[in-house]
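Here the structure comes first, spelled out in structure tokens, and everything after it is commentary.
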Protein chains: 2
Amino acid sequence: MAVTEAQPGNERVRGGGKARERILEAAYDLFAHRGIQAVGIDAIIAHSGVARQTLYRHFSSKQALVLAFLERREELWTKDWLQSEVKQRSADPEQRLLAVFDVFDGWFRSPGFEGCSFINVMLEITDPADPIHRAGTSYLVKIRDFLEDLARSAGIADADNFARQWHILMKGSIVAAAEGDQDAALRAQQIATIALRDAKRLEPWSRPLLGKPSPH
Amino acid sequence: MAVTEAQPGNERVRGGGKARERILEAAYDLFAHRGIQAVGIDAIIAHSGVARQTLYRHFSSKQALVLAFLERREELWTKDWLQSEVKQRSADPEQRLLAVFDVFDGWFRSPGFEGCSFINVMLEITDPADPIHRAGTSYLVKIRDFLEDLARSAGIADADNFARQWHILMKGSIVAAAEGDQDAALRAQQIATIALRDAKRLEPWSRPLLGKPSPH
DNA sequence: AACGAATCAGACTGATCGTTCTCCCTCCGT
DNA sequence: ACGGAGGGAGAACGATCAGTCTGATTCGTT
């Protein structure tokens with residue numbers, strides 16, 4: 001937090017908004033839709049209407065700007081959109097898990113579908129030691145943590161494995177949507193439904209009932 | 001076919017193989033592991049040990065070289081490896097479908113795991129009109145066609161939807177493996193198993209028995 | 001021996017990359 | 001009124017990009 005001491009009544013007049021905000025908005029749109037390597041600093045400058053030096057005053061390098069983009073992506077996409085929408089659609093953890101694909105369905109059919117920036121960045125920057133690659137994977141882990149919490153709340157035994165499986169369905173459907181399959185979310189949800197049923201059916205002893213009937 | 005009139009005893013001596021072959025081998029390794037945009041012509045020249053002009057004699061542009069790489073990728077990865085391995089492990093279409101993830105399991109645990117170049121290229125070149133993007137998606141369609149044939153042979157009713165679902169599991173597991181989950185193939189296979197059981201159980205009327213019990 | 005085609009080696013072009021620098025203007029707090 | 005900071009416009013940097021050109025060398029074939 002604390003975007004360089006942002007107290008009220010501090011905004012620059014030129015251009016309607018603060019320069020840093022305009023830069024991040026332009027970077028967000030461009031990086032999300034065209035990827036990292038295909039977007040140059042010049043394109044971000046042009047789209048934000050900001051001076052060259054102003055960009056480098058707020059972000060020390062392109063890498064810093066990319067990392068800031070990913071941070072904002074988690075804020076806007078993961079938290080404010082995906083998790084928020086899922087929680088809003090149901091209070092039941094099982095229904096929330098399935099709601100992920102309802103939310104995805106609307107996403108896949110939206111005109112400006114951009115795919116998952118975390119996946120894109122991780123696959124685009126192949127070096128595992130690169131901070132950008134590491135950031136992409138770490139934000140994917142946070143999504144998986146959200147799924148794991150839901151699975152645990154739903155009384156699923158191996159919540160880790162289940163969350164990873166659910167995430168595989170999510171990521172696979174996103175790639176399929178990028179290929180052009182607008183029904184990818186529904187197809188994934190079909191499998192997810194029977195996977196969830198199976199996870200609940202195979203290990204009913206794991207659900208909290210009375211005591212703990214666990215082995216020995 | 002016909003790599004510029006390749007009759008026996010025609011090979012250039014310098015470097016052990018024909019120049020075109022060395023270029024394609026270098027491009028294959030570099031593009032598959034580092035992506036398209038991150039690999040420059042200079043890197044391919046250096047790794048192939050070929051002269052600059054020699055490369056442009058065989059490939060008119062970088063785009064042409066990328067398209068040749070994808071074509072070879074389908075030959076080596078899709079046909080000679082994936083489909084060949086799957087067919088070798090079983091003759092039963094259902095077992096062949098499941099064997100995909102056995103093959104993937106070995107792939108995910110191999111040291112130089114490079115991911116799926118068709119997915120990578122499609123996500124890296126976001127413009128759907130770009131020939132490279134189109135090539136990537138078209139080779140993914142061919143993989144799906146292979147799955148659809150297996151599904152049809154297995155007597156699954158909606159083979160198209162089933163193949164797309166299977167492909168979602170495959171692509172999702174590949175992305176998960178790129179994140180570092182070496183057990184991604186096993187996780188996907190667990191879901192695939194119950195999905196296959198469900199597809200066979202829900203529509204037993206669709207299997208060829210005696211006559212055709214189809215509606216009206 | 002001689003020829004042409006293929007390859008090699010490297011300079012070179014123009015464009016673009018990320019980044020730095022300079023100069024000027026405008027604002028805000030004092 | 002003044003100073004300093006933030007921003008705008010643009011030149012310029014060195015590096016790299018894809019692609020072209022030249023000239024010498026080596027090959028297979030005759």
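This is a predicted model, so every value here is computed, not measured. Excluded from the calculations below are hydrogen atoms, water molecules and symmetry mates; all remaining heavy atoms, backbone and side chain alike, are included. The chains referred to below are lettered A, B, ... by the order of the sequence lines, with proteins before strands, and numbering in each begins at 1.
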Rounded distance in Å - [atom1] ([X]) to [atom2] ([N]):
X        : N       : atom1 : atom2 : value
Leu65(B) : dA18(D) : CG    : C1'   : 12 Å
Lys62(A) : dT19(C) : NZ    : P     : 8 Å
Arg57(A) : dT19(C) : CZ    : P     : 16 Å
Leu55(A) : dT20(C) : CG    : C1'   : 13 Å

Pull out every protein N or O sitting under 3.5 Å from an N or O of nucleotides 11-13 of chain C, one pair per line with the distance.
none

- prompt: For DNA chain D, what residues of residues 124-134 of chain B have any heavy atom nearer than 4.0 Å?
  reply: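 Those residues: none at all.
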- Using a heavy-atom distance cut-off of less than 4.0 Å, which residues of residues 34-50 of chain B contact DNA chain D?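 Listed by number, they are Val39(B), Gly40(B), Ile41(B), Asp42(B).
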With sequence neighbours excluded, residues passing side-chain contact (heavy atoms from CB on, under 4.5 Å) with [X]:
X         : answer
Thr193(A) : Leu98(A), Gln189(A), Arg197(A)
Pro128(B) : His133(B)
Ser84(A)  : none
Ser110(A) : Trp107(A), Phe113(A)

*asked:* Does dG6(D) have OP1 or OP2 under 4.0 Å away from a side-chain N or O of Thr54(A)?
replied: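 False: Thr54(A) side-chain N/O out of range (4.0 Å or more) of dG6(D) OP1/OP2.
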Below the 4.0 Å mark, does dG7(D) have OP1 or OP2 next to a side-chain nitrogen or oxygen of His58(A)?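 Affirmative; the distance criterion is met.
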- request: Using the closest heavy atom to pick a nucleotide of DNA chain C for each, name whichever of Ala51(B) or Tyr56(A) lands nearer the 5' end.
  value: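 Its nearest nucleotide being more 5', the pick is Ala51(B).
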Residues in salt bridge (Lys or Arg N to Asp or Glu O under 4.0 Å) contact with [X], at least two apart in sequence or another chain:
X         : result
Lys79(A)  : Glu75(A)
Arg89(A)  : Glu85(A)
Glu124(A) : none

Give the table of side-chain donor-acceptor pairs shorter than 3.5 Å for residues 30-47 of chain A, with sequence neighbours excluded, one pair per line with atom names and distance.
from     : atom 1 : to        : atom 2 : distance (Å)
His33(A) : ND1    : Asp29(A)  : O      : 2.9
His33(A) : NE2    : Gly112(A) : O      : 3.1
Asp42(A) : OD1    : Arg52(A)  : NH1    : 2.9
Asp42(A) : OD1    : Arg52(A)  : NH2    : 2.7
His47(A) : ND1    : Ala43(A)  : O      : 3.1

Can a donor-acceptor pair be found, under 3.5 Å and without considering hydrogens, that links the side chain of Asn120(B) to the backbone of Cys116(B)?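 Checking the backbone N and O of Cys116(B) against the side chain of Asn120(B), a donor-acceptor pair under 3.5 Å is found.
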Side-chain donor-acceptor distances from residues 140-148 of chain B under 3.5 Å, at least two apart:
from      : atom 1 : to        : atom 2 : distance (Å)
Glu148(B) : OE2    : Arg152(B) : NH2    : 2.6

| Nucleotide of dG7(D), dC21(D), dA9(D) approaching Gln53(A) most closely (side-chain heavy atoms) |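 Taking heavy atoms from C-beta onward, the closest nucleotide is dA9(D).
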Check: Just checking, any donor-acceptor pair under 3.5 angstrom between side chains of Gln190(B) and Asn161(A)?
Finding: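 Short answer, yes.
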